[in-house]
Amino acid sequence: MYQLVAPAGTDRVVVTVLDRVGTPRGPSRTLTLPAFRRYVVENESSGPRWVWEDTARIYPELLRHSIRVARCHDLRLSHVILRNSSLTAQSDIRLGEPGPWDTPVPLEQAEASGPALFELVHDGGTDAGGTPLRQLEEFLLQLRAVAECAEPGRLRLLLAAESAGALIAAEMTHAGLPWRVDIHHDLLTQELGPRVAPGLRPERLESLAARIRVELGDSRVNPDSPTELLRALQKAGLPVTSTRAWALRELEHPVIEPLLLYKKLSRLLSANGWVWMESWITNGRFHPEYLPGGVVTGRWAARGGGALQLPKQIRGAVVADPGWKLVVADAAQLEPRILAALSADLTMAAAGRGTDLYAGIVASGVVETRDHAKVAMLGAMYGATTGESGRLLPRLAKAYPRAIALTETAARAGERGEIVTTRLGRSSPPPGAAWAAAQAKAYDPVATRLDESRARSQARDWGRFTRNFIVQGTAAEWALCWMAEIRKELRALAPEGDELFSTPHLVFFLHDEVMVHTPEGLADRVESIVTAAAATAGRLLFADFPVDFMLTTATVDTYAAAP
DNA sequence: CGACCCTGCGCG
DNA sequence: AAAGCGCGCAGGGTCG
């Protein structure tokens, strides 16, 4: 059963009950927001799938009133997938001209309350029963596209997982990540010195800057300016063409040590200093905005606060509430395991069974060290051709021909400008017009050497993108299924009380890693749930193919203590 | 002054 | 100009 929800004006919502194939089962009802909330609560027990345009817009309104739903269908996110998927290439949704669903209204920045989130216009008219047609017609197109494609099961799972991700993202934003500003403050003070006014350098940075100037024999150079710094380094006789840390590390000179430290600390100050703390932490919680589907591959992005880049340096400020714990779990060697399963490479899957996959590769005698195994695998998935990674690749290819063939096939497809598709049906975007033009130019009779090499280089670039897309994208699908399963089981474990987040709940997600904030007494159960969910996700994507998705899990008081 | 690009670095 | 993918953000620098 579906419940279609659409805004009507700024303070009303139209709800329509739809049957399995999307036919309205009666007239729609227009509800005020309070009536809508009651409606959701009353109907949730019958297990509907709520169909709405944009979870990020409508669900926070429910969460603010401590209302959660189990399942939804996010029309906006689903549209993007179906519009691009090779599995729905023949569908009307794919063949139609681009429309309003292809240029979604961006979500306003502000955490603005209530009605602002409903300012979508009721623009598509209604049918005789009052059903909003723009949303209904889109939903019908989507249902048809899935039902008529060759492998509806995959897309159905993908859309459900993507939509569950949207619910989780909104819930995590709402709940926030537990953050101790006192600890954060102490940490900053210890590293940088006492806080000073914005624009000034704290003591520690100031003295490092002074040392840098002395060592360079330049009394005015500003280490924050790459241009000035580069010039000063060259003047001091150092053979550098950039001021990147990795390049400086190669050099031997008294300025290097203070300079590297300066860069480290100045990064801490600008990215996660006091200003950051004051703009992003409220009432002991970090509330970043997650963007499901924000990356072409299907990974999440985040906006504001750099939520997906929390440096290890400050993870000590993430601390469970008194009487609570953090259960942190990380999928070990996720992408290579995904590659093994995608390519049905039994040998590679066996190397990772019950053990660290890289250690397993070493144990199989393919390479000598774990580090070699890792760099070779990453190189295979990213398309490295030179260096250590390039040298080791042939050995991987010999040991795991199926896995390596899959990456090579994906790369060749990209080089030809073709698209590739993940396990569940998310397809890569086609290369842009500039790319195609560059390729065409190389075949022109008057093409220059430069034209040809540029075209070749761009073709290889795109090949590396598609090579990685298929693995990264499928890993993202696995992670969505993992998280959706965790969420479902956590809700079954402990029914919610009056307080929305008084029971175990997800508070953080980072591509292949999740964090659950849980009352201490339930931590063991939560660990089991997280572990079992990984196996479930593996079966959802790869049925009975024998690949392990191993986790590193830890129950800790602070994120800094997680492995 | 804002809009934009570049450099550099954090995360997976 | 880091070999090799995907991101976001801050600060410097330039342009209109």
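Residue numbers start from 1 in every chain, and the chains themselves are labelled A, B, ... in the order their sequence lines are given, proteins ahead of strands.
Straight-line distance between the C1' atoms of C:dA3 and B:dC5: roughly 26 Å, to the nearest whole Å.
Contact check of residues 239-265 of chain A against DNA chain B (heavy atom, cut-off under 4.0 Å) returns A:Ser242, A:Thr243, A:Arg244, A:Ala245, A:Lys263, A:Lys264. Shown for residues 397-428 of chain A: no residue has heavy atoms falling under 4.0 angstrom of DNA chain B.
Residue A:Arg315 is in sugar-phosphate contact alone, with no base atom involved, counting any heavy-atom pair closer than 4.0 Å across all strands shown. Heavy atoms of A:Val471 sit nowhere under 4.0 angstrom from any nucleic acid atom. Residue contacts shown for A:Leu510 are limited to sugar-phosphate atoms, with no base heavy atom under 4.0 Å away. Within the nucleic acid shown, A:Ala302 comes within 4.0 Å of sugar-phosphate atoms alone, with no base atom in reach, counting heavy atoms only. Across all strands shown, A:Leu334 has no heavy atoms under 4.0 Å from either base or sugar-phosphate atoms.
Residues A:Leu233 and A:Leu259 form a side-chain contact, since some pair of their non-hydrogen atoms from C-beta on lies under 4.5 Å apart.
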Dot-bracket encoding per residue of DNA chain C, Watson-Crick/G-U cut-off under 3.5 Å, | denoting interstrand: ....||||||||||||
Salt bridge (Lys or Arg N to Asp or Glu O under 4.0 Å), that's the test. Do A:Arg487 and A:Glu171 meet it? Break it down for me. CA-CA 10 Å; A:Arg487 172 179 187 263; A:Glu171 289 170 1; 2.6 Å; yes
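Taking 3.5 Å as the limit, the base of C:dG8 and the side chain of A:Gln309 contain a donor-acceptor pair of atoms between them.
The distance from atom CG of A:Asn272 to atom P of B:dC9 is 15 Å, rounded to the nearest whole Å. Protein atom CG of A:Leu291 is 8 Å distant from nucleotide atom P of C:dG8, rounded to whole Å. A:Arg201 places its CZ atom 12 Å from the C1' atom of C:dG11, with the value rounded to the nearest Å.
A sub-4.0 Å separation between OP1 or OP2 of C:dC5 and a side-chain N or O of A:Arg464 is present.
Set against B:dG8, B:dG12, C:dG13, the side chain of A:Glu228 has C:dG13 as its closest nucleotide.
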